[in-house]
Structure formats: C-alpha cells, structure tokens
Amino acid sequence: MSQNEKLKPGQKFPTPTPGFGDRVFYESLLKQRPDSLMAQEWCINYGVLSHKKAEKLHKIVTTRKRQVRTGGGAAVVSPAPKKKKSRLVKEEGIDPDMAGSGGYEGVGRRSL
C-alpha cells in the first residue's frame, strides 16, 4: 500500500496521537460546535475522523472553499446575538449617612 492509499479524504498531514493537545482541542470543539469552520478543516487536514465522516465533511469544506475563492460569498455564519447595554441608574437623593463622609472613610488616613 502506498502512502496516499492510507490517507483519508482531504487529509494533508499525518494523524496525531489521541493524546496530542491540538487533536483533543479540535475534536472536542467539533463535537460541541459541529459548525465550527476551523475545527472542520483541522480534523479533515489531520485525518482524525472516520473515513465515512471525513468524506462527508470534506465535500462540505471543499464546496465552502470553492465558493469563497470564486467570490460566491463568505461562509455562512450566524451572527452573535447583540448584548444590550446596561443603563446607569442615577440616584436622586443623597443618603444622609454618606453625606458627611464623602465615601472615603479611612482611606489614606492613619489612625492614632
């Protein structure tokens, strides 16, 4: 068997061992977020997926790359939800206990 026959679809690099840090990271990322573009590409390039999954994902990745190269648009990624800005609530009155102290009790003062 030649070297090319052992490679999975889309694989460019030798498959790292199961305890290799990058492999653990990208495999877990792909499980948690199957739509992760970087996890999909890494797992395909390093051949860590089963042959069947690699074939399916390789088609998706190459189609996406072809669309980006030909100007068909960027990869479809859902935008992150916008966070609402919290508004600062103004206090109308002054707390009588804090009026005389100025809020700096004991700061920078040395007790005798």
Side-chain angles (χ1 to χ4, degrees):
M1 247 202 250
S2 70
Q3 183 67 18
N4 287 341
E5 291 176 19
K6 294 180 184 178
L7 296 178
K8 295 178 182 170
Q11 184 174 351
K12 299 176 184 177
F13 307 104
T15 304
T17 60
F20 187 66
D22 289 353
R23 178 175 176 165
V24 173
F25 171 76
Y26 285 108
E27 281 183 318
S28 63
L29 177 60
L30 191 62
K31 285 180 185 174
Q32 292 172 8
R33 294 203 45 191
D35 60 330
S36 169
L37 305 180
M38 73 178 189
Q40 289 175 353
E41 283 197 42
W42 194 95
C43 289
I44 291 296
N45 288 337
Y46 285 89
V48 298
L49 301 174
S50 69
H51 194 78
K52 189 176 181 180
K53 287 182 182 178
E55 278 183 7
K56 182 180 174 185
L57 197 56
H58 179 61
K59 288 179 185 177
I60 294 169
V61 170
T62 53
T63 303
R64 181 176 58 234
K65 283 185 174 183
R66 191 175 302 121
Q67 286 176 345
V68 170
R69 271 191 235 135
T70 59
V76 178
V77 179
S78 59
K82 293 182 180 181
K83 294 182 180 180
K84 292 184 178 181
K85 293 181 182 178
S86 61
R87 295 181 180 174
L88 185 62
V89 179
K90 290 186 176 183
E91 294 183 23
E92 302 223 355
I94 298 175
D95 188 8
D97 295 331
M98 297 296 288
S101 67
Y104 292 103
E105 286 183 20
V107 176
R109 294 185 178 172
R110 190 170 154 196
S111 58
L112 299 172

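Being a predicted model, the structure only gives us computed values, none of them experimental.
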When rounded to the nearest 0.5 Å, the distance separating CD of Q11 from CG of L7 is 4.5 Å
Pairs involving residues 43-52, ordered by first then second residue, that meet side-chain hydrogen bond (donor to acceptor under 3.5 Å, both in side chains) (sequence neighbours left out):
H51-E55
Any pair counted as side-chain hydrogen bond (donor to acceptor under 3.5 Å, both in side chains), so long as it reaches residues 16-27, sequence neighbours left out:
R23-E27
Heavy-atom closest pair (Q67 atom, T70 atom, distance to 0.1 Å) is O-OG1, 3.3 Å
Any donor-acceptor N/O pair, K8 side chain to V48 backbone, under 3.5 Å
no
The side-chain hydrogen bond (donor to acceptor under 3.5 Å, both in side chains) partners of S28 (sequence neighbours excluded) come to none
With hydrophobic residues grouped by side-chain heavy-atom distances under 4.5 Å, do V24 and F20 end up in a single group?
no
Check side-chain contact (heavy atoms from CB on, under 4.5 Å) between Q40 and all other residues, then give those that pass, not counting sequence neighbours.
L30, L37, L57, V61, R64
To the nearest 0.5 angstrom, please state how far the NZ atom of K31 sits from the OG atom of S36.
14.5 Å
What one should report as the nearest heavy-atom pair of I44 and A54 is CD1-O, 3.5 Å
Excluding sequence neighbours, so at least two apart, what forms salt bridge (Lys or Arg N to Asp or Glu O under 4.0 Å) with K56?
none
